[in-house]
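Residue indices begin at 1 and follow the sequence shown.
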Amino acid sequence: MSSRSDDSMTKGTITNIIANLITVKVDGPISQNEICYVITSRNKLRSEVIKVEGDTAFAQVFEITTGLKVGDPVEFSGAMLEIELGPGILSQNFDGLQNNLDGLEETFLEPGKIAPALDANKKYEFRPIAKKGQVVKAGDWLGEVTENNISHKIMVPFSFEGETTLISVAAQGEMTIKDEVAAAEDNKGRAQSFNMVQKWPVKIPVRAYKDKPRPFNILQTGLRVIDTLNPITEGGTGFIPGPFGTGKTVLQHAIAKNGDADIIIVTACGERANEVVEIFTEFPELIDPRTGRTLQERTCIVCNTSSMPVSSREASVYVGMTIAEYYRAMGLKVLLLADSTSRWAQALREMSNRLEELPGPDAFPMDLPAIIANFYARAGIVELNSGEMGSVTFIGTVSPAGGNLKEPVTESTAKVARCFYALNQGRADSKRYPAIETVDSYSKYLDYPEFEKFMDEHTQEGWVKLVKKAKDLLIKGAEARTQINILGDDAVPVEYHRDFWRSEVIDFAYLQQDSFDDQDMNCPMDRQKFMFNMVMDLCTEDFEFQTFSEVTDFYKKMINYLRQMNYAEFNSKEFNEHKETLEQFVDEQRTAHEREGVQ
């Protein structure tokens with residue numbers, strides 16, 4: 001949507017104010033999601049139209065509305081909420097309207113004030129990719145600059161329609177984001193100039209690509225309970241529900257640190273102020289295991305605390321997704337983390353209630369499932385016009401009140417997200433980390449033929465079948481644990497104890513990881529493959545036992561040996577020594593059973 005000229009600008013006056021919701025009587029045409037400005041004696045407050053009824057517009061103000069009064073004038077811009085996209089986004093901290101929080105001189109951003117997102121004076125070394133005479137369209141690469149060791153592609157704006165022919169491309173050299181990098185002319189003689197920065201409305205998905213196939217290749221996170229048991233793909237979607245204190249934020253930090261992604265976008269959506277401060281202070285100190293530099297160099301943080309207006313909270317998730325789509329168009333793997341989408345949904349509920357709309361379950365909007373589905377659908381892997389592949393992988397957290405996974409936000413998210421990582425309070429209390437419930441959690445990508453084929457070719461033949469076998473052992477172990485707890489140790493057959501301890505071996509020795517240990521905190525796929533095959537071989541072998549105490553003693557020692565291997569560097573002398581000790585222990589058990597058989 002293009003802005004209207006001053007002469008044709010629609011204007012209006014405020015007729016009602018309810019918290020951040022204003023009602024405006026207008027004198028001209030307006031559109032849904034159009035940006036308008038409330039004119040006060042001190043500043044202009046940015047707002048967004050969320051409902052139109054005849055000559056009446058309902059708008060949510062992105063600022064504190066203290067001091068507003070009925071009769072204040074309003075100007076409509078003719079454009080939707082847009083953000084600037086260009087070099088300089090990485091390592092920055094933005095609010096939900098893309099105000100650069102790092103560029104503030106004061107502690108708080110004054111109402112109506114805009115902190116520029118990008119530095120217009122900084123110079124970048126531009127290197128051309130396109131050539132004079134080349135026909136280009138939206139999303140095509142014109143050149144590149146280096147942004148924090150990332151090759152940042154300069155593209156034809158996503159808003160460009162049709163095709164055009166380049167009549168000039170800038171030579172290699174230093175220039176600012178506002179300098180012209182290319183000029184074009186279409187077959188009707190209309191000229192077009194391109195620079196390094198473009199604008200895009202955050203609530204419209206970027207579609208400047210050739211194709212969007214189903215996700216098929218794994219996105220490694222370094223966490224065995226995810227990569228092996230419930231894998232997420234490049235361009236996949238997942239969510240992490242769980243009550244407070246189960247480790248949702250910590251798990252997201254671990255995924256961000258160890259995930260095989262080029263760019264990390266973190267959206268703190270309505271979190272408490274102290275949690276947002278922790279993100280700002282801890283994230284820059286995390287060391288990127290891929291480069292040895294700070295993780296912040298390939299990270300962008302979009303933040304809104306729960307004390308900020310709900311309208312800004314709602315906008316923040318769309319800003320984060322739009323930035324992710326922008327880097328995806330460069331052929332990069334982008335990981336978008338949102339914490340927490342429950343607060344986003346609560347913002348939608350507040351605005352719906354103020355509009356006096358018909359409420360749905362728990363007073364959330366009736367169209368909440370559709371809103372969540374449309375947002376999750378923006379993630380995905382795409383084939384660009386150049387033939388390169390780019391992806392946005394989205395993982396959000398949900399904070400259900402009281403840990404109730406049947407509440408509307410969790411249920412609506414479960415319908416669209418392909419991966420479900422349920423955090424369990426009992427596992428967290430018993431120090432089983434990550435506290436992801438092994439039986440309830442799932443990944444629907446295990447049922448994708450494309451994914452199974454990818455794992456067969458890149459990991460090992462029959463990998464997905466082996467993972468499903470492990471899931472069966474975990475379910476069988478959970479059932480056996482229930483019987484043992486009800487009937488007692490002596491009242492169930494020894495096989496029940498064996499089934500239970502097999503699941504404990506998979507859980508304790510493989511799925512759990514120590515985030516404070518340099519070796520165990522991140523487990524690459526080659527190590528996962530080796531350890532998983534070893535664990536599954538041990539858990540499918542039919543060892544013979546006479547009493548349940550023999551079962552307990554044997555598998556406890558096995559778990560200890562396997563955990564020692566987890567703490568040792570893969571294929572090191574120490575690792576192989578622990579492996580040999582384990583093999584000797586298992587051989588002794590087999591020999592003992594053979595002697596008993598002979599007798």
Side-chain angles (χ1 to χ4, degrees), residues 224-225 228-230 241-243 245-247 402-406 420-442 466-514 531-532 534-566 581-582 585-599:
R224 294 185 289 263
V225 68
T228 299
L229 206 63
N230 303 296
T246 53
N404 175 25
L405 300 184
K406 298 297 182 182
F420 175 70
Y421 304 119
L423 293 178
N424 182 279
Q425 188 67 59
R427 289 181 64 83
D429 292 341
S430 60
K431 310 301 180 186
R432 298 193 183 202
Y433 294 108
I436 296 175
E437 176 58 52
T438 57
V439 174
D440 294 337
S441 301
Y442 60 77
L466 189 62
V467 170
K468 291 181 177 180
K469 189 173 184 178
K471 284 177 169 286
D472 290 340
L473 291 176
L474 289 168
I475 294 172
K476 202 171 182 179
E479 294 171 349
R481 179 174 64 242
T482 302
Q483 293 296 321
I484 293 170
N485 290 338
I486 294 174
L487 302 176
D489 290 332
D490 294 325
V492 297
V494 173
E495 287 74 17
Y496 279 55
H497 290 276
R498 185 181 61 188
D499 291 341
F500 166 68
W501 277 104
R502 281 175 170 175
S503 68
E504 288 290 272
V505 170
I506 297 173
D507 190 353
F508 266 99
Y510 187 75
L511 299 181
Q512 293 181 46
Q513 286 177 251
D514 187 346
M531 292 299 297
F532 187 56
M534 174 180 285
V535 167
M536 288 302 294
D537 286 343
L538 293 171
C539 289
T540 53
E541 185 169 348
D542 290 327
F543 297 105
E544 296 294 332
F545 304 98
Q546 299 300 318
T547 64
F548 75 86
S549 59
E550 288 184 18
V551 180
T552 302
D553 183 61
F554 173 72
Y555 283 109
K556 277 187 175 181
K557 290 181 179 179
M558 181 187 292
I559 289 172
N560 182 60
Y561 292 133
L562 287 167
R563 288 177 69 89
Q564 292 301 317
M565 293 175 66
N566 290 338
T581 304
L582 172 62
F585 169 73
V586 173
D587 285 340
E588 290 175 354
Q589 182 72 15
R590 295 192 188 102
T591 304
H593 290 158
E594 289 174 0
R595 286 199 301 266
E596 291 175 2
V598 172
Q599 293 174 356

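In terms of modelled atom types and a separation under 3.5 Å, the side chain of R502 and the main chain of C539 share a donor-acceptor contact. With S441 contributing its side chain and A422 its backbone, the two residues share a donor-acceptor pair below 3.5 Å.
Partners of S549 according to the side-chain contact (heavy atoms from CB on, under 4.5 Å) rule, which considers only residues two or more places apart in sequence or in another chain, are T547. Listed by chain and residue number, F543, F545, F585 satisfy the ring-ring contact (aromatic ring centres under 6.0 Å, His included) test with F554 (two or more places apart in sequence, or in another chain). By the side-chain contact (heavy atoms from CB on, under 4.5 Å) test, K476 is found to be paired with D499, residues two or more places apart in sequence or in another chain being considered. Applying the ring-ring contact (aromatic ring centres under 6.0 Å, His included) criterion to Y510, with sequence neighbours excluded, gives F532.
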task: I would like to know whether N230 and K471 meet side chain to side chain contact (heavy atoms under 4.5 Å, CB included); could you show each step before the answer?
output: CA-CA 10 Å; N230 303 296; K471 284 177 169 286; 2.7 Å; yes

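A heavy-atom distance below 4.5 Å is found between the side chains of L423 and I436. Side chains of R224 and M531 form no contact here, defined as non-hydrogen atoms less than 4.5 Å apart. M534 has its side chain within reach of L582: a pair of non-hydrogen atoms, C-beta onward, lies under 4.5 Å apart. For the pair D537 and E541, the minimum side-chain heavy-atom distance is 4.5 Å or more. The shortest side-chain heavy-atom distance between Q564 and Y561 does not fall under the 4.5 Å cut-off. Using a 4.5 Å cut-off on side-chain heavy atoms (C-beta onward), I484 and D489 make contact. Using a 4.5 Å heavy-atom cutoff, the side chains of I559 and W501 are in contact.
Pairs passing the salt bridge (Lys or Arg N to Asp or Glu O under 4.0 Å) check and including a residue from residues 426-438, sequence neighbours excluded, read R427-D507, R432-E504, R432-D507. Applying the ring pair (Phe, Tyr, Trp, His ring centres under 6.0 Å) rule to pairs touching residues 420-441 yields F239-F420, F420-Y442, sequence neighbours excluded.
Distance check: K556 NZ to F508 CZ gives 9.5 Å after rounding to the nearest 0.5 Å. With rounding to the nearest 0.5 Å, the separation of CD in Q512 from OG1 in T438 is 9.5 Å. Atoms CZ and CD, from R498 and E550 in turn, are 12.5 Å apart once rounded to the nearest 0.5 Å.
In summary, of the residues considered (L538, L511, L562, L473), a side chain to side chain contact (heavy atoms under 4.5 Å, CB included) with V505 occurs for L562 alone. In summary, of the residues considered (Q546, H497, E495), a side chain to side chain contact (heavy atoms under 4.5 Å, CB included) with V551 occurs for H497 alone.
Of all heavy-atom pairs spanning I506 and A470, the tightest one is CD1-O, 4.2 Å.
Looking at R590 and D587, a side-chain N of the basic residue comes within less than 4.0 Å of a carboxylate O on the acidic one, giving a salt bridge.
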